[in-house]
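We number each residue from 1, following the sequence as shown. The analysis underlying the following values was restricted to heavy atoms, covering all of them including side chains, and did not include hydrogens, waters or symmetry mates.
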Amino acid sequence: MTDMPLPQTDARTRRNVTVLVLAQAILGAQMAMMFVVAGLAGQSLASNVCFATLPISLIVLGSMLAASPLSSIMQKYGRRVGFMLGTLAGALGAAVAAYGLYQASFFWFLMGSLISGIYMSAQGFYRFAAADTASDAFRPKAISYVLAGGLASAVIGPQLVKVTSQAVVIPFLGTYAAIIAINLFGALLFLFLDIPRPPVPAADAPPGRSRWELLTTPRIAVAVICAMVSYALMNLVMTSTPLAVVGCGFSQDRAADVVTGHVLAMFAPSFFTGHLIARFGVEKIMGLGLVILAGAGVVALQGVEIENFFLALVLLGLGWNFGFIGATSMLAGAHEPHERGRMQGLNDLLVFGGVTIASLASGGLMNCSGGTAQAGWTAVNLAMIPALMLAGSALVWLVLQGRRA
């Protein structure tokens, strides 16, 4: 990849989007697989059930810690290098986690989860990569299409869990072996990616805004807050879902089916989310996403029948889609190309920091609130309220600021 100005050619963008959609579909399947089995595996390995979801928290923590370094690497060496490093980390993390399962070692399973978070961080940059060469008009659609690739991963991942989770004597070992293969195959996709690095600024060029100046820009601040809340709440509830479904008397396969429905709802709307943003404005779509997330909590609190789990998790996925794609689109248009590495890394550091806190809280709330699965599930969903109030208030404030201006 050579240094050159980023062209606004949507023909190139469409090719890159195709590659990124395939990456999201194939490589992204591993995230659905890990979110289905990691909590259940952790429950069997941990000495205290309160730590059952700690492996998922470590995945997200690894993603948070890797966000800024990966962003800097992509800024300097290009997206392809960063994405290939992500697949390497995904394969290595799965191998270490598999070793932990083989040795019945919770410590090594956690270490594998932490390393796997580097892949999760790299996957988070697919949406920004889609916007790199896009025109202003095509940008929200490009982001949406790439996230729509998760529709295939929503089907592939949980179905692979059904095939692999009990394929060998040690439960879930086959699942992590499949994740290794997915990463090794998926890395080849990035050979076809064509995204030039941003040009190196001239010595006398303006240095761009500092991280603090970026964060205190109203539009950027609200985008980051809404992205944090959308992703954190989605993770808070989804992390506990397999434990809640199984704890309320349903099978692991039913838990996988619920997660499949959730992930389908996360990504299926992406085919039209970009069009909705272009037509109605990003603020309205983000606001709708927050309202739907609140609706997911309301449905979950109505009972623990399998229909409640399905509907609540479908609404959770849909709310995440509108809130997160909207926030990404708002952020992508609020900074300059030479600020990309600084801002995008900072954004994902904050987003996955919030997700880490949510996933840690999820395990504690689910397993240590009242002593029953139903009590834990209630606590998880009530915990959504403060975050939704924060994001909703920030978005209303931004809209009012715009009207005053």
Side-chain angles (χ1 to χ4, degrees), residues 28 31-32 34-36 38-39 53 56-57 59-60 120 147-148 150-151 153-155 157-158 226-248 250 254-270 273 285-328 351-352 354-355 357-359 361-363 365-366 373-374 376-392:
M31 298 312 305
M34 284 189 282
F35 276 96
V36 170
T53 62
I56 297 176
S57 300
I59 293 172
V60 182
M120 183 179 178
L147 289 178
L151 190 63
S153 71
V155 176
C226 289
M228 287 176 64
V229 168
S230 298
Y231 216 132
L233 294 186
M234 184 276 292
N235 188 270
L236 173 77
V237 179
M238 187 180 73
T239 297
S240 292
T241 296
L243 298 176
V245 172
V246 174
C248 290
F250 302 101
R254 293 299 271 167
D257 290 338
V258 171
V259 172
T260 297
H262 166 67
V263 184
L264 285 171
M266 285 175 65
F267 297 112
S270 299
T273 305
I285 300 304
M286 289 166 63
L288 179 59
L290 296 176
V291 170
I292 295 173
L293 285 172
V298 171
V299 171
L301 291 170
Q302 300 307 304
V304 289
E305 298 301 320
I306 196 66
E307 294 81 9
N308 292 86
F309 285 114
F310 267 111
L311 181 55
L313 268 291
V314 165
L315 290 174
L316 186 76
L318 181 59
W320 173 87
N321 182 282
F322 287 172
F324 192 63
I325 291 181
T328 299
V351 168
F352 289 113
V355 176
I357 295 170
S359 61
S362 182
L365 290 168
M366 184 65 223
Q374 186 168 354
W377 184 239
T378 297
V380 165
N381 285 279
L382 288 175
M384 298 173 70
I385 296 172
L388 286 170
M389 291 178 64
L390 170 65

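- Judged as a side-chain hydrogen bond (donor to acceptor under 3.5 Å, both in side chains), not a single pair has a partner in residues 288-298 (not counting sequence neighbours).
- Put simply, the side chain of Leu290 does not reach to within 4.5 Å of the side chain of Phe322, judged on heavy atoms.
- A 4.5 Å side-chain heavy-atom check between Met266 and Leu316 finds every atom pair outside the cut-off.
- Residues Ser230 and Leu293 have side chains in contact (heavy-atom distance under 4.5 Å, counting atoms from C-beta outward).
- In this structure Leu390 satisfies the side chain to side chain contact (heavy atoms under 4.5 Å, CB included) test together with Ile225, sequence neighbours excluded.
- Residues Ser359 and Thr239 have side chains that never bring a donor and an acceptor to within less than 3.5 angstrom of each other.
- Counting only heavy atoms from C-beta outward, the side chains of Met34 and Ile56 never approach each other to under 4.5 Å.
- Heavy-atom minimum distance, Ser270 versus Ile325: OG-CD1, 3.5 Å.
- Between Ser240 and Leu365 the shortest side-chain heavy-atom distance does not fall below 4.5 Å.
- Closest approach of Ala373 and Met366 over heavy atoms only: O-CE, 3.2 Å.
- No side-chain donor-acceptor contact under 3.5 Å links Ser362 and Asn235.
- Between Thr241 and Trp377, some side-chain heavy-atom pair lies under the 4.5 Å cut-off.
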